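Have a look at the structure below, then the notes.
Because the structure is a prediction, the values reported are computed rather than measured. Below, chains carry the letters A, B, ... as their sequence lines are ordered, and counting in each starts from 1.
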Amino acid sequence: MSGKGIRIEGLRKRYGQGDTAVDALKDVNMVVEPGEVIGLIGPSGSGKSTLLKCLGAVIDPTAGRMTLGDETIYDNGWKVRDLRALRRDKIGFVFQAPYLIPFLDVTDNVALLPMLAGVANAESRQRAVALLTALDVQHRARAMPAQLSGGEQQRVAIARGLVNRPPVILADEPTAPLDSERAVVVIRILNEMARQFETAIIVVTHDEKIIPTFKRIYHIRDG
Amino acid sequence: MISLAGRDILHAWGKFVFTGFGLGLLIGVTLIMAGVYRGMVDDGKALLDNSGADLWVVQRDTLGPYAEPSSLNDDTYRTILAMPGVAQAANVTYLTMQVRKGEADVRTMVVGIAPGALGATPGWPPYLVAGRQITRGHYEAVVDIAAGFKLGDRIAIRRNLYLVVGLTRRMVSSSGDPMVFIPLKDAQEAQFLKDNDAIWQSRRRTEANPAFNRTGVPGLLESVLASQSTNSFVNAVLVRLKPGHAPDDVADSIRRWKRLTVYTRAQMEGILVGKLIATSAKQISMFLVILAVVSAAIVAFIIYTLTMDKIREIAVLKLIGTRNRTIAAMIMQQALALGVIGFVVGKITATFAAPLFPKYVLLIPTDSIAGFFAVLLICVLASLVAIRMALKVDPAEAIGG
């Protein structure tokens, strides 16, 4: 694996203790190369969301090792100090619902992340507009999220996930609220963005119509 | 970095403005309550200022003439006038009563002022806004404009009518009742004047008393009856000092040699503020505390509700790496903005509403400044509950599952 991408080895996550303990993840191994979009599929309760939360540095794995590019994030109980900064700078998120900030316009929804990282407002907005142009929603740059269609909102959410040029993007059911045509468009956009920015993209999905679009698919069953 | 709080306020400005308006009315009431207290204190000070006295000589061991009844013989002022350091001394009477104004009654303080001249005799209204001072010994009155009389009106006090010859302003009792100045003799009579039946019955009793109706002492009964129908008492003697004499020294001298109670300006102010309106002040303080608590509860509830509405957005913000302090600042800034909107509305409301109150409401800048910072403090404290809740939000909530 080159300097980007994500690698997990022997990842485990246990909830609870003693007799009530539940192993949500059991020795999960995964490698996603830069520029690659992979699908992560599995039935409900199989541990997809738990894996996504571990990958997103939202919850700590019980054991295992996770590497983002050359940087080790978790290593059997050890973790990087500032997970918040890690999420801001190294991981992009695209959710099932776009979850745009309703009181910020489209440009500022996207520009917020670089602003949080300390980038000047003007430069952050320039980056945002460039991405919105790449995603063909630049004409809605001054609109509020409530004024956008579902597809436009999801594109803006993708732009937000990409704006800090993270090495990895985690997409949780990004096509669920969309019809087939728009779902395929979103996946196509993710593929283009992955190639363009050398980003590793993990898409958790149940959506049968987009599964054939992935070159590699990870199945997860009972952790 | 953009202001998240500012953007949220602009996005939901209607909610903020209406909530701020409601809060502002509450703050307006709070400012007016403080103004009522200040008005009471100012009324008390105006009463002392307008009397033009340096010392108040009253009945021994009383807090008269404003806080307790006080009675002195009306010739006492002559001996006080002879004391070293005394420039002027004048009798005065105070009687709080309802005076008739057409078909209605007006609560007033009737002040009996000694004959003399403005500037020379303490107790006179120091300035007029219309008409002239009292120049006749009977049945003329100078009235505070707040009583609602006009020049030429006639005021019924007891059984006599008084012609309004002058109007003055800000001449009020410590309770805020407008003053009616009448000649001293008329005021003395008004204080003790009985109805005709009572006078007739009193005369019959005196005539029936052998101690006063002696056959061998001609003229005794007439003298006794005459003494019973006149009043030779006043409530206080107002004293003005010669330049260079310390009030405390002259007061000590009068206490020692005349065996009377004497109050200096500072002592009289202490009686008015510390005793006469102390209970009212406590009452108002309680209201202020309650209003502050209610304001805090409203701000806390509103900010809590607004934050609850944004739980998902807060989870997203935390997931994408927003610092806790940025989220806390957003909530606190919104609470402060609500407080500022509320204070501006409250200040405007209080300013326009104050003159409509029947008693004097004094809004002073220091109260407004203190109120502003109190509102900000309340808003900061009220936002802590919402901040605590926001900081507890798990970023994982944004992912679901």
Between A/Asn164, A/Leu116, A/Asp89, the one whose heavy-atom pairs under 4.5 Å with chain B are most numerous: A/Leu116
Largest heavy-atom contact set with chain B, pairs under 4.5 Å, which of A/Arg87, A/Lys48, A/Met144, A/Met115: A/Arg87
A/Lys13 and A/Asp23 ion-paired at < 4.0 Å: no
Considering all heavy atoms, the nearest A/Arg127-A/Pro114 contact: NH1-CB, 3.9 Å
Partners meeting salt bridge (Lys or Arg N to Asp or Glu O under 4.0 Å) with B/Lys15 (sequence neighbours left out): B/Asp309
Within residues 348-375 of chain B or reaching into it, pairs that qualify as side-chain hydrogen bond (donor to acceptor under 3.5 Å, both in side chains) - sequence neighbours excluded: B/Arg38-B/Asp367, B/Lys347-B/Ser368
Which atoms of A/Pro102 approach chain B - backbone, side chain, both or neither, heavy atom under 4.5 Å: both
Side chain, backbone, both or neither of A/Leu113 within contact of chain B (heavy atoms, under 4.5 Å): side chain
Lys/Arg-Asp/Glu bridge criterion (N-O < 4.0 Å) met for B/Arg170, B/Asp144: no
Residue selection (most heavy-atom pairs with chain A, distance under 4.5 Å) from B/Val316, B/Ile320, B/Leu317: B/Ile320
Per-residue contact mode, B/Ile9 against chain A (heavy atom under 4.5 angstrom): neither
